[in-house]
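Data first, discussion second: the structure below is written as structure tokens.
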Amino acid sequence: MKQASSISVFIVDDENLARARLKRLLADDNLYRVCGEAENGELAIQGVKSAEPDIVLLDIRMPGMDGMAAAMQISNLETPPAIIFCTAYDEYAISAFKVQAIDYLLKPVRKEALAKALQQAGKLNKVQLNESQKSDLEDETTSPYLVAKTWKGSELIDITHIHY
């Protein structure tokens with residue numbers, strides 16, 4: 001079960017020392033909690049499905065299913081976690097962003113770079129924010145909004161912002 005005050009992180013790397021380093025870097029910040037780890041792509045997919053992390057730190061080159069193939073499957077989940085690649089290989093950067101990666105960090109991962117990537121993973125972009133607001137509106141039984149047709153098209157107007 002997720003703690004409300006922490007962001008869960010799942011670590012995937014075939015090297016035990018690399019996983020240990022990422023865990024140490026995350027341990028310095030109380031905001032993040034490691035909820036699991038895996039050493040290859042197959043185990044990563046199983047672990048992500050069961051742990052439902054907020055963020056996945058994912059290596060690319062691993063035996064069996066590599067990180068790119070795992071990322072493709074993870075990004076197709078109904079509510080996928082944010083993916084941050086942590087790898088020693090720079091040639092996969094363009095491919096990484098095709099699977100909606102938040103960031104691409106080169107090993108050895110620096111604490112500052114990881115902190116910046118984790119912070120970026122927590123930010124909503126405009127499309128995500130709009131979708132979130134739209135689903136919140138659909139969940140409410142009574143809408144505190146009016147729909148008005150303007151020169152921009154149909155706009156939602158918050159009733160609390162209407163004065164006259």
Side-chain angles (χ1 to χ4, degrees), residues 1-139 153:
M1 196 159 161
K2 292 183 186 178
Q3 296 174 359
S5 61
S6 67
I7 296 170
S8 58
V9 180
F10 194 91
I11 300 172
V12 184
D13 199 305
D14 61 323
E15 298 174 25
N16 190 34
L17 290 174
R19 290 193 313 269
R21 176 173 170 71
L22 290 171
K23 284 191 278 191
R24 277 193 314 274
L25 292 174
L26 290 168
D28 292 342
D29 191 335
N30 292 333
L31 184 60
Y32 302 98
R33 172 182 57 84
V34 176
C35 65
E37 58 183 273
E39 58 190 34
N40 61 48
E42 292 91 352
L43 294 173
I45 293 166
Q46 293 171 12
V48 166
K49 285 180 179 177
S50 65
E52 297 183 356
D54 300 308
I55 299 171
V56 176
L57 301 179
L58 184 60
D59 189 16
I60 290 185
R61 283 203 185 164
M62 297 180 288
M65 180 186 287
D66 70 3
M68 199 60 67
M72 288 173 67
Q73 289 191 31
I74 291 169
S75 66
N76 286 327
L77 295 173
E78 187 174 331
T79 54
I83 297 173
I84 299 172
F85 282 103
C86 301
T87 184
Y89 305 96
D90 62 358
E91 65 262 25
Y92 299 103
I94 293 173
S95 299
F97 294 106
K98 290 181 180 177
V99 292
Q100 290 89 36
I102 298 295
D103 211 334
Y104 192 91
L105 306 176
L106 291 176
K107 291 179 183 176
V109 175
R110 292 184 352 263
K111 184 176 184 173
E112 301 78 24
L114 179 60
K116 184 178 177 187
L118 291 169
Q119 183 181 29
Q120 185 64 31
K123 291 182 180 177
L124 289 176
N125 64 37
K126 191 172 184 177
V127 172
Q128 292 166 328
L129 188 58
N130 287 340
E131 285 300 312
S132 173
Q133 290 171 344
K134 187 163 70 172
S135 68
D136 288 347
L137 284 176
E138 291 169 357
D139 290 344

Set out, in order, the CA-CA distance, both residues' side-chain angles and the distance that settles side-chain contact (heavy atoms from CB on, under 4.5 Å) for Leu22 and Val34, then state yes or no.
CA-CA 9 Å; Leu22 290 171; Val34 176; over 6 Å; no
Taking every heavy atom of Ala121 against every heavy atom of Ile84, the minimum-distance pair comes out as CB-CD1, 4.3 Å
Would you mind reporting whether Leu26 and Leu57 have side-chain heavy atoms less than 4.5 Å apart?
yes
Could you give me the CA-CA distance, side-chain angles and deciding distance for Ile60 and Tyr104, then say whether side-chain contact (heavy atoms from CB on, under 4.5 Å) is met?
CA-CA 10 Å; Ile60 290 185; Tyr104 192 91; 3.6 Å; yes
Side-chain (Glu39) to main-chain (Asn16) donor-acceptor, under 3.5 angstrom
no
Which heavy atom of Ile11 sits nearest a heavy atom of Arg19, and at what distance?
CG2-CG, 3.8 Å
What's the spacing between Ile55 CD1 and Gln120 CD if we round to 0.5 Å?
11.0 Å
To check you understand the geometry: which heavy-atom pair defines the closest contact between Gly67 and Phe85, and what is its length?
O-CE2, 3.9 Å
Spatial distance of atom CD (Glu42) from atom CE (Met62) [nearest 0.5 Å]:
8.5 Å
Run the side-chain contact (heavy atoms from CB on, under 4.5 Å) check on Asn40 and Asp14 step by step: do they pass?
CA-CA 6 Å; Asn40 61 48; Asp14 61 323; 6.0 Å; no
Given 3.5 Å as the limit, does a donor-acceptor pair link the side chain of Asp54 with the main chain of Ser8, or not?
yes
Enter the distance from Leu118:CG to Ile7:CD1 here, rounded to the nearest 0.5 Å.
8.0 Å
Closest non-hydrogen atom pair, Ser75 against Gln100
CB-OE1, 3.7 Å
Using side-chain heavy atoms (C-beta onward) and a distance below 4.5 Å, is Asp59 in contact with Lys107?
yes
Closest non-hydrogen atoms of Val12 and Val56, given as atom of the first, atom of the second and distance, are CG2-CG1, 4.1 Å
Taking NZ, NE, NH1 and NH2 as the nitrogens, is one of them in Asp103 or Lys116 under 4.0 Å from a carboxylate oxygen of the other?
no
Within 6.0 angstrom of Arg110 CZ, more than 12 heavy atoms from elsewhere
no
Could you check whether atom CE of Met72 has more than 12 heavy atoms from other residues, nucleotides or ligands sitting under 6.0 Å from it?
no
Taking the basic N atoms (NZ, or NE/NH1/NH2) and the acidic carboxylate oxygens, is any pair closer than 4.0 Å for Asp13 and Arg21?
no
Flag side-chain contact, heavy atom, 4.5 Å: Val48 against Pro53
yes
Can you see which heavy atom on Tyr89 is nearest to which on Arg61, and at what distance?
CE2-NH1, 3.2 Å
